[in-house]
Amino acid sequence: EYAVECAILKVYGSEIADFVVDETLQIYGGMGYSEELPIARAYRDSRVNRIYEGTSEINRLLTTGMLLKRAMGGRLDLMGSAIKLQQELMNGTGKSNADFSDEMEEMNHLINNAKKAWLLVAGSAAQTLMAKLEEEQEIMMLIADIAIEIFITESSLLRTRVLIDHHKKEKCEILISMCRVLVAELMENTYRWGREALAGFNKDEVLKMQLAGLKNLTRSKAINLIEERRKIARAFLDEGDYYINRKFKLEVNKKTE
C-alpha cells in the first residue's frame, strides 16, 4: 500500500536535496569546488541520490504505472471518477474559490482542485491511449510530477492543521506561509505540466475543451510569493537551526506517543 508513497518521497527528497546543495554551492562561489569546504563533498554525494534505489525517472513511471494498474484492476475507480469530473466541468458545478472565508479551508479546496486536474489528465490519458500509455513515458512522468506535488502539499497542509489545533495559530504562522507557497506552486505547476501532457495525446476541439477545464481547476488568486519566501527564510536564519524541529518536534512526538 505504501509503494507509491515511497516512490514519491524518493523522487521529491532526492531532488530537493540536490537543489539545496546546488544553491549552497552557488552561494560559496568558486571556493565551493575546493575540498577545503564541506559543500564540495555534499555536492558530489547528493548527485547519486537521484540514481540509486531506482532513478527518479523509474520512480516517476512506477508512481503513475501503479496507480493506473490499480485502477484497471478495480481497486481505484479512476474511470468512474473521471467521467463524474467531466460531467461536473460541463455542468459548471463545484464550489468557487471565492466562497471561502477561512484560509486553511481555501488551501484545502485548491489542493482538491489539483487532484481533479490530475484526474482530468490521467483519466484522459488512460481513455485515449489505453495500453499505449506505457510507451508514452514523457506523459507518464508529467502525470507523476503532478501527483508528487499534490502529495507533498497536502501532507504539509495536514501537518500544519494538526499543529494549529494544538498551538496558538500565531506560533504556526511560518508553517502557514510554507503552505501558501506550496499551494501556489502546486496550482501553477499542475496547469503547466497538465497542459503539456494533454497536448501530447489530444488536439483540436478535444484539447481546447480539456485545457479550458484544466485552467478552471487550477485557477487561484495571486499572492506575494517573494514576501512569503523572505518571511520563511528569516525565520530559519533567526533560529539558526531547522525551524520545525526547534519549534514543534517535541510536541508532535508527544502527541504521537
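Not measured: the values here are computed from a predicted model.
Remark: the backbone N or O of Ala125 is not paired with any side-chain donor or acceptor of Thr128 at under 3.5 angstrom. At distances below 3.5 Å, at least one donor-acceptor pair connects side-chain atoms of Lys10 with backbone N or O atoms of Asn49. Put simply, the side chain of Ser46 gets close to the backbone of Tyr43: a donor and an acceptor are under 3.5 Å apart. Put simply, the side chain of Thr55 gets close to the backbone of Ile58: a donor and an acceptor are under 3.5 Å apart.
Note on Glu105 versus Arg161: salt bridge recorded, some NZ/NE/NH1/NH2 to OD/OE distance being below 4.0 Å. Salt bridge present: Glu227 and Arg234 bring a charged side-chain N and a carboxylate O closer than 4.0 Å. A salt bridge links Glu228 with Lys231: the distance from a Lys NZ or Arg NE/NH1/NH2 to an Asp or Glu carboxylate oxygen falls below 4.0 Å.
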Exercise. Evaluate the criterion side-chain contact (heavy atoms from CB on, under 4.5 Å) for residue pair Leu163 and Lys171; output intermediate values, then yes/no.
Key: CA-CA 9 Å; Leu163 290 168; Lys171 186 177 181 180; over 6 Å; no

Quiz item: Going through the distances and angles, do Glu103 and Lys169 end up as a salt bridge (charged side-chain N to carboxylate O under 4.0 Å, His left out)?
Solution: CA-CA 12 Å; Glu103 183 182 17; Lys169 190 172 182 179; 5.5 Å; no

Quiz item: Does the pair Arg180 and Glu173 meet the rule for a salt bridge (charged side-chain N to carboxylate O under 4.0 Å, His left out), with working shown?
Solution: CA-CA 10 Å; Arg180 289 186 192 118; Glu173 185 55 40; 3.2 Å; yes

Exercise. Begin with the C-alpha distance, continue with both residues' side-chain angles, and end with the deciding distance and a verdict on side-chain contact (heavy atoms from CB on, under 4.5 Å) for Val181 and Leu225.
Key: CA-CA 6 Å; Val181 172; Leu225 287 174; 4.1 Å; yes

Quiz prompt | Stepwise side-chain contact (heavy atoms from CB on, under 4.5 Å) check, Leu110 with Lys221 | solution = CA-CA 10 Å; Leu110 291 172; Lys221 63 184 180 184; over 6 Å; no

Practice problem: Starting from the C-alpha separation in whole Å, work towards a yes-or-no answer on side-chain contact (heavy atoms from CB on, under 4.5 Å) for Lys115 and Leu119. | Solution: CA-CA 6 Å; Lys115 290 180 182 180; Leu119 186 61; over 6 Å; no

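Looking at heavy atoms from C-beta onward, Leu120 lies in side-chain contact with Leu214 at the 4.5 angstrom threshold. Put simply, the side chain of Ile39 reaches to within 4.5 Å of the side chain of Val21, judged on heavy atoms. Side-chain contact between Ile176 and Ile164: present, with at least one pair of heavy atoms (C-beta onward) separated by less than 4.5 Å. Contact annotation: the side chain of Ile152 approaches that of Leu9 to within less than 4.5 Å [non-hydrogen atoms, C-beta and beyond]. Using a 4.5 Å cut-off on side-chain heavy atoms (C-beta onward), Val183 and Ile223 make no contact. The side-chain heavy atoms of Leu198 and Leu211, taken from C-beta on, include a pair separated by under 4.5 Å. When side chains are defined from C-beta on, Ser34 does not count as touching Tyr28, because their heavy atoms never get closer than 4.5 Å. Counting only heavy atoms from C-beta outward, the side chains of Ser56 and Glu15 approach each other to under 4.5 Å.
Following chains of ILVMFWY side-chain contacts shorter than 4.5 Å, one can reach Met141 starting from Ile16, so the two form part of one hydrophobic cluster. Val48 and Leu25 fall into different hydrophobic clusters, where Ile, Leu, Val, Met, Phe, Trp and Tyr are joined by side-chain heavy atoms under 4.5 Å apart, directly or via other members. Cluster membership for Val20 and Val11, using ILVMFWY side-chain heavy atoms within less than 4.5 angstrom, is shared. Both Phe19 and Leu182 belong to a common hydrophobic cluster when Ile, Leu, Val, Met, Phe, Trp and Tyr are linked at side-chain heavy-atom distances under 4.5 angstrom.
Contact record, Asn113 with Leu217: CB-O, 3.2 Å, taken as the closest heavy-atom pair. The two residues Glu149 and Trp193 come nearest to each other via the heavy atoms CG-CZ3, 3.3 Å. Nearest heavy-atom pair, Ala117 versus Thr218, reported as atom, atom and distance to 0.1 Å: CB-CG2, 4.2 Å. Nearest heavy-atom pair across Ala114 and Ile150 is O-CD1, 3.5 Å. Of all heavy-atom pairs spanning Ser155 and Phe151, the tightest one is OG-O, 2.8 Å. Between Leu157 and Met104, the closest heavy-atom pair is CD1-CE, 3.3 Å.
The number of heavy atoms from other shown groups lying within 6.0 Å of CZ (Arg44) is above 12. Summarising the local packing, CD of Glu5 is surrounded by more than 12 heavy atoms from other residues, nucleotides or ligands at distances under 6.0 Å. Within a 6.0 Å radius of CD in Glu188, no more than 12 heavy atoms belonging to other residues, nucleotides or ligands are found. Within 6.0 Å of the CD atom in Glu36, the count of heavy atoms belonging to other residues, nucleotides or ligands does not exceed 12.
Under the side-chain hydrogen bond (donor to acceptor under 3.5 Å, both in side chains) criterion, Asn108 pairs with no residue, sequence neighbours left out. Residues satisfying the salt bridge (Lys or Arg N to Asp or Glu O under 4.0 Å) criterion with Glu196, sequence neighbours excluded, are absent altogether.
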Listing, residues 63-70 side-chain donor-acceptor contacts under 3.5 Å, not counting sequence neighbours, or none:
| residue | atom | partner | partner atom | Å |
| --- | --- | --- | --- | --- |
| Thr63 | OG1 | Asn59 | O | 2.8 |
| Thr64 | OG1 | Met140 | O | 2.7 |
| Thr64 | OG1 | Ala144 | N | 3.3 |

